[in-house]
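What follows is a short report on a single structure.
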2 protein chains.
Amino acid sequence: MSQRLLVIEDEPTLARLLSYNLTQEGYEVTTSDHGTTGFERAVQEPFDLIVLDLMLPGMNGFDILGKLRGKGIATPVIILTAKNAEEEVVQGLKLGADDYITKPFGVSELLARVATVLRRVSGVKEEAAPQTSDSAIRLGKLEIFPEKYEVLLGGTSISLRPKEFEVLLYLARKPGVVLTRDDLMNAVWGFDYIGGQRTVDVHVSSLRKKLELEPESVHIDSIRGVGYKLVINKGSAHHQPQ
Amino acid sequence: MSQRLLVIEDEPTLARLLSYNLTQEGYEVTTSDHGTTGFERAVQEPFDLIVLDLMLPGMNGFDILGKLRGKGIATPVIILTAKNAEEEVVQGLKLGADDYITKPFGVSELLARVATVLRRVSGVKEEAAPQTSDSAIRLGKLEIFPEKYEVLLGGTSISLRPKEFEVLLYLARKPGVVLTRDDLMNAVWGFDYIGGQRTVDVHVSSLRKKLELEPESVHIDSIRGVGYKLVINKGSAHHQPQ
DNA sequence: ATTTCATTGTAAACGCTGTGTAAAGTAACG
DNA sequence: CGTTACTTTACACAGCGTTTACAATGAAAT
């Protein structure tokens, strides 16, 4: 049984992005684009976690959070806030938020926070969590430990810089599947990041150099005109569909 | 139970093309060639998705989209826009569009987007399964994995270039059915692409060379004066009980 | 049959676009 | 300040798509 999330976010683009990615993760997502109605839903239905934008029409995020806690509703809350709003964060946490993310943020960062908060709150409950974002990923000779920021290739640790790590992590979560530069941008750099088109390429390039210790078993393929995919070669065996 | 689509598009050629192909896909398609009437239909009847051209007589796409969302109608919308109109896209997405396509676009691209949006909205979870994926096409010894950009022929991977891949994919979506060069042009190159008449032929030719590893089970037939069709021969040498 | 014309097959050439990557430039961090 | 990480820029190159030209095939007409 999947966990239920409520996303209170008015900007459609962001709301959709969040809804999409959280759903992909296996959560059951409800969205609300208005403060008042969002608050009402949060009161009426039981959610496992609420993602709450602080800037909202109708009723702002602080009010919602305050009133919820006032009513004794302890549903975990992650607040979304603008970059340079340290006070907002502090106030939000004082009102009982469980975590916060500043915009712009990467999708993978959000997923990690959501998973972390859920785990923290419900005790360790691995089975209930979907593809827990931060459990280890093992693909042939490649092992990724998100919570440790560590990658093993054939048993030996390789040191990746943060952005390289995240790119690899996102690729590794859908092995074999082509991800566009846009996908990777959204996941690693944030949904509204506006940057050069080649940034992803450069990171993939340096990632390749560090992965080529095991070129047979792990490598990143380019699909011209589309994007990149992580290719895993387990053992020397043939294809064994199952 | 098929899904209901509304296409709001004034250019007759394009409207017909969209209507035809979407109907072929199994959708129930309604078209409207005017902004005002299109909007009214969208308000009155429940649709699963709306394909909306932004340039329309009567009432432009932005107005329609804005008013729909204003009325609380959350039907998913894919907007059609000209190539060099980045702002239009941004504005459209802000108004609550779910996706966009820039003209010219290939029919297959549109079909893919429609399917994606519908799936996303209906909350079906997409799994990154290693070998099995619901979007995979299996025809005898031919297996196509669109999201991996990979084609297996008798279990071994064959490398196709992007255009070859798309041509094969489109042929494979209607195995045994003759598709005209025009069909393929529309699907792969875009509905208003203006190019030489022989381009399709050349791609089919090179595709044949790569497919002839299994000439018995998979090949492309020419129908003189008409077009091409993909022929699949199931049966021999494999576990086909009947 | 033989000729004639239209259609299709395909190799080769050309130009363009996307990609790899080094290196310079910029920001963050201590 | 010095170091590290990240981004942008620039340039070279490889791959791809399209066109072209000519060969091969098939159909229709005589």
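Between Arg181(B) and dT7(C) there is no side-chain N or O to OP1 or OP2 distance below 4.0 Å. In terms of phosphate contacts, Thr199(B) brings a side-chain nitrogen or oxygen within less than 4.0 Å of OP1 or OP2 of dT19(D). In this structure, His203(B) does not reach the dT10(C) phosphate: none of its side-chain N or O atoms is under 4.0 Å from OP1 or OP2. Dashed line: the shortest gap from a side-chain N or O of Tyr228(A) to OP1 or OP2 of dG20(C) is under 4.0 Å. Between Ser222(A) and dG20(C) there is a side-chain polar atom (N or O) within less than 4.0 angstrom of OP1 or OP2. For dC6(D), the OP1/OP2 oxygens have no side-chain nitrogen or oxygen of Trp189(A) closer than 4.0 Å. Checking the phosphate oxygens (OP1, OP2) of dA22(C), a side-chain nitrogen or oxygen of Lys209(A) falls inside 4.0 Å.
The separation between Leu207(B) atom CG and dT18(D) atom P is 14 Å, rounded to whole Å. As rounded to whole Å, 13 Å separates atom P of dT19(C) from atom CG of Leu184(A). Protein atom NZ of Lys163(B) is 13 Å distant from nucleotide atom C1' of dG15(D), rounded to whole Å. For Leu160(B) and dC16(D), the CG to C1' distance is 13 Å, given to the nearest whole Å. As rounded to whole Å, 18 Å separates atom P of dA27(C) from atom CZ of Arg161(A). To the nearest angstrom, C1' of dT10(C) lies 14 Å from NZ of Lys210(B). Spacing between atom CD of Gln197(A) and atom P of dT8(D) amounts to 9 Å, rounded to whole angstrom units. The CG atom of Asp221(A) sits 16 Å away from the C1' atom of dG18(C) (whole-angstrom rounding).
No side-chain donor-acceptor contact under 3.5 Å links Asp201(A) and His203(A). Checked by atom type, the side-chain pair Ser206(B)/Glu164(B) shows a donor-acceptor distance below 3.5 Å. Between the side chains of Arg208(B) and Ser222(B), a donor-acceptor pair is found at a separation under 3.5 Å. Side-chain polar atoms of Arg113(A) and Tyr100(A) form no donor-acceptor pair below 3.5 angstrom.
Between dT25(D), dG18(C), dG20(C), one nucleotide has an atom nearer to the side chain of Arg224(B) than all others, and that is dT25(D).
Across all strands shown, Arg198(A) has heavy atoms under 4.0 Å from base atoms, whether or not it also approaches the sugar-phosphate. Across all strands shown, Phe165(B) has no heavy atoms under 4.0 Å from either base or sugar-phosphate atoms. At the heavy-atom level, Ile223(A) lies under 4.0 Å from the strands shown only through sugar-phosphate atoms. Contact annotation for Val202(A): base contact, defined as any heavy-atom pair under 4.0 Å involving a base atom.
Of the possible polar contacts, none joining the Asp183(A) side chain to the Leu179(A) backbone as a donor-acceptor pair under 3.5 Å is found.
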